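All values derive from a computational prediction rather than experimental measurement.
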Amino acid sequence: MISMNLRLELLRDQKMHHHPHQLPPYEAMGLYEQPKPRFIFKMPRVVPNQKSKYESDELFRRLSRESEVRYTGYRGRAIDERRMRFVTDCRKGYAELSFVPTGTNLQLYFNANHNPYAQEQECDFDKERGKVHLRSNFIMNGVCVRFRGWLDLERLDGVACLDFDEGRALQEDAQLAEQIESYNQRMADSKRMYTPPQEAMLRGPGPGPGPGPVPGAPMGW
């Protein structure tokens with residue numbers, strides 16, 4: 001009786017100290033699966049047909065027409081401080097503006113340095129007295145656009161529109177096509193590398209030259 005109880009105790013201790021993740025060799029081999037490669041596909045910056053979207057989208061159609069814009073920075077401050085901060089922001093190369101008819105808020109970034117060789121400055125205080133003319137290129141809703149307009153330095157409002165940036169759009173389209181081609185090539189390479197052996201055997205060696213003459217067989221005339 002004592003021997004039987006001792007045996008039961010030993011069996012119970014073995015079960016308590018057994019780790020479920022430690023599988024026998026034959027079970028571990030059956031659960032092993034060859035790791036598959038991970039591909040990270042970055043979200044495209046632009047849509048496939050930018051110009052078509054720019055011309056057909058209702059928001060772009062409204063923003064393509066000249067309309068009222070306002071400076072939206074530091075709304076809770078006094079008007080004198082807002083004027084000073086607007087000029088300071090423009091000289092640093094950015095401005096917070098809003099298209100009034102659509103309520104579209106933009107944070108523009110541009111080159112505030114004066115370039116004597118450029119036909120049009122991105123931030124120009126000298127073109128008209130009491131105004132600043134701004135230009136900024138960016139991507140909005142997958143479309144390359146260019147902000148073009150001016151603001152009065154006293155009222156902090158003005159007129160602007162969004163033009164389609166065809167040159168930048170061509171560059172982004174080329175990068176998008178290259179990105180898609182690279183992704184498709186990696187997917188094709190992955191399928192060839194990780195095809196299961198059984199599936200490859202079922203497919204056969206593929207098309208090729210037919211079998212040659214069997215050694216020892218009579219030649220046909």
Side-chain angles (χ1 to χ4, degrees), residues 41-180:
F41 183 74
K42 296 188 299 183
M43 288 296 296
R45 291 158 50 92
V46 295
V47 295
N49 195 338
Q50 300 182 58
K51 190 171 185 179
S52 175
K53 181 174 181 179
Y54 175 81
E55 295 175 347
S56 60
D57 187 88
E58 179 62 26
L59 178 60
F60 283 123
R61 290 170 61 182
R62 297 180 64 182
L63 295 178
S64 65
R65 298 187 291 266
E66 291 188 345
S67 56
E68 182 183 359
V69 291
R70 291 179 183 174
Y71 173 62
T72 58
Y74 305 95
R75 294 181 179 179
R77 306 295 178 86
I79 184 62
D80 292 336
E81 182 180 356
R82 296 188 70 224
R83 291 170 182 158
M84 179 187 64
R85 289 187 177 274
F86 173 61
V87 174
T88 302
D89 290 347
C90 289
R91 296 193 183 278
K92 290 181 178 180
Y94 63 89
E96 298 179 12
L97 306 178
S98 175
F99 282 91
V100 176
T102 61
T104 305
N105 297 315
L106 300 175
Q107 188 165 8
L108 303 179
Y109 293 91
F110 42 83
N111 185 7
N113 299 325
H114 180 75
N115 184 1
Y117 301 101
Q119 295 181 353
E120 295 182 347
Q121 305 294 329
E122 295 186 6
C123 179
D124 193 348
F125 286 93
D126 302 328
K127 190 172 184 178
E128 285 188 79
R129 186 175 181 179
K131 296 180 180 180
V132 58
H133 287 254
L134 300 176
R135 287 177 175 270
S136 178
N137 301 64
F138 54 94
I139 298 176
M140 176 179 174
N141 296 344
V143 178
C144 294
V145 294
R146 180 190 299 110
F147 176 92
R148 176 174 55 87
W150 57 268
L151 280 87
D152 187 280
L153 298 178
E154 290 291 326
R155 302 192 311 268
L156 300 182
D157 61 7
V159 176
C161 64
L162 289 185
D163 297 327
F164 178 65
D165 190 351
E166 189 168 358
R168 178 76 178 276
L170 292 176
Q171 297 177 2
E172 292 292 337
D173 287 342
Q175 294 181 8
L176 176 61
E178 182 179 351
Q179 181 181 356
I180 294 176

List the atom pairs, donor and acceptor, that lie under 3.5 Å between side-chain atoms in residues 96-103 and the rest of the protein, sequence neighbours left out.
from: S98; atom 1: OG; to: N105; atom 2: OD1; distance (Å): 3.0
from: T102; atom 1: OG1; to: T104; atom 2: N; distance (Å): 3.4
from: T102; atom 1: OG1; to: T104; atom 2: OG1; distance (Å): 2.7

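- For the pair L59/Y54, no side-chain contact is recorded, criterion being any heavy-atom separation below 4.5 Å from C-beta on.
- To the nearest 0.5 Å, the span separating OG on S136 from CD on Q107 amounts to 10.5 Å.
- Scanning both residues, N141 and V47, for their nearest heavy atoms gives O-CG1, 4.2 Å.
- Side chain of R65 to main chain of R61: a donor-acceptor pair is present (N/O by atom type, distance under 3.5 Å, no hydrogens or angles).
- Looking at V145 and F60, their side chains come closer than 4.5 Å, going by heavy atoms from C-beta outward.
- Take R91 and apply the salt bridge (charged side-chain N to carboxylate O under 4.0 Å, His left out) test, not counting sequence neighbours, and it matches no residue.
- Here CG of L108 is found 9.0 Å from SG of C90. Values are rounded to the nearest 0.5 Å.
- You'll find the side chain of R70 stays beyond 4.5 Å of the side chain of L151, heavy atoms only.
- Ion pairing between D152 and K131 fails under the 4.0 Å rule for side-chain N and carboxylate O.
- In this structure a side-chain-to-backbone donor-acceptor pair under 3.5 Å is present from E122 to N111.
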Salt bridge (charged side-chain N to carboxylate O under 4.0 Å, His left out) between K53 and E55, worked out: CA-CA 5 Å; K53 181 174 181 179; E55 295 175 347; over 6 Å; no
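- In this structure, CZ in F147 is found 10.5 Å from CZ in R135, a value given to the nearest 0.5 Å.
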Residues V46, C144; criterion side-chain contact (heavy atoms from CB on, under 4.5 Å); working and verdict: CA-CA 8 Å; V46 295; C144 294; 4.1 Å; yes
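- A distance of 12.0 Å separates CG in D165 from CZ in R148, rounded to the nearest 0.5 Å.
- Closest non-hydrogen pair, L156 versus L153, comes out as CD2-O, 3.7 Å.
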Step-by-step side-chain contact (heavy atoms from CB on, under 4.5 Å) determination, F125 to V87: CA-CA 9 Å; F125 286 93; V87 174; 4.2 Å; yes
Step-by-step salt bridge (charged side-chain N to carboxylate O under 4.0 Å, His left out) determination, R83 to E154: CA-CA 7 Å; R83 291 170 182 158; E154 290 291 326; 3.5 Å; yes
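- Neither side chain, H133 nor Q121, offers a donor N or O lying under 3.5 Å from an acceptor on the other.
- Every residue two or more places apart in sequence or in another chain that forms a ring-ring contact (aromatic ring centres under 6.0 Å, His included) with F86 is listed here: Y71.
- Taking CE of M84 as the start and CG of D89 as the end, the distance is 10.0 Å to the nearest 0.5 Å.
- Because its NZ or CZ atom is not both nearer than 6.0 Å to the ring centre of Y74 and within 45° of the ring axis, R82 does not count as a cation-pi partner of that residue.
- Listed by chain and number, the residues in a side chain to side chain donor-acceptor pair (under 3.5 Å) with D157 are R155 (sequence neighbours excluded).
- Atom OG of S64 and atom CG of D163 lie 8.0 Å apart (nearest 0.5 Å).
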Working for side-chain contact (heavy atoms from CB on, under 4.5 Å), residues M140 and L162: CA-CA 10 Å; M140 176 179 174; L162 289 185; 3.8 Å; yes
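- For N49, there are no side chain to side chain donor-acceptor pair (under 3.5 Å) partners two or more places apart in sequence or in a different chain.
- Every salt bridge (charged side-chain N to carboxylate O under 4.0 Å, His left out) that R168 has, sequence neighbours left out, goes to E172.
- The 12-atom threshold is not exceeded at CD of E178, counting heavy atoms of other residues, nucleotides or ligands nearer than 6.0 Å.
- At least one side-chain heavy atom of Q50 sits less than 4.5 Å from a side-chain heavy atom of D173.
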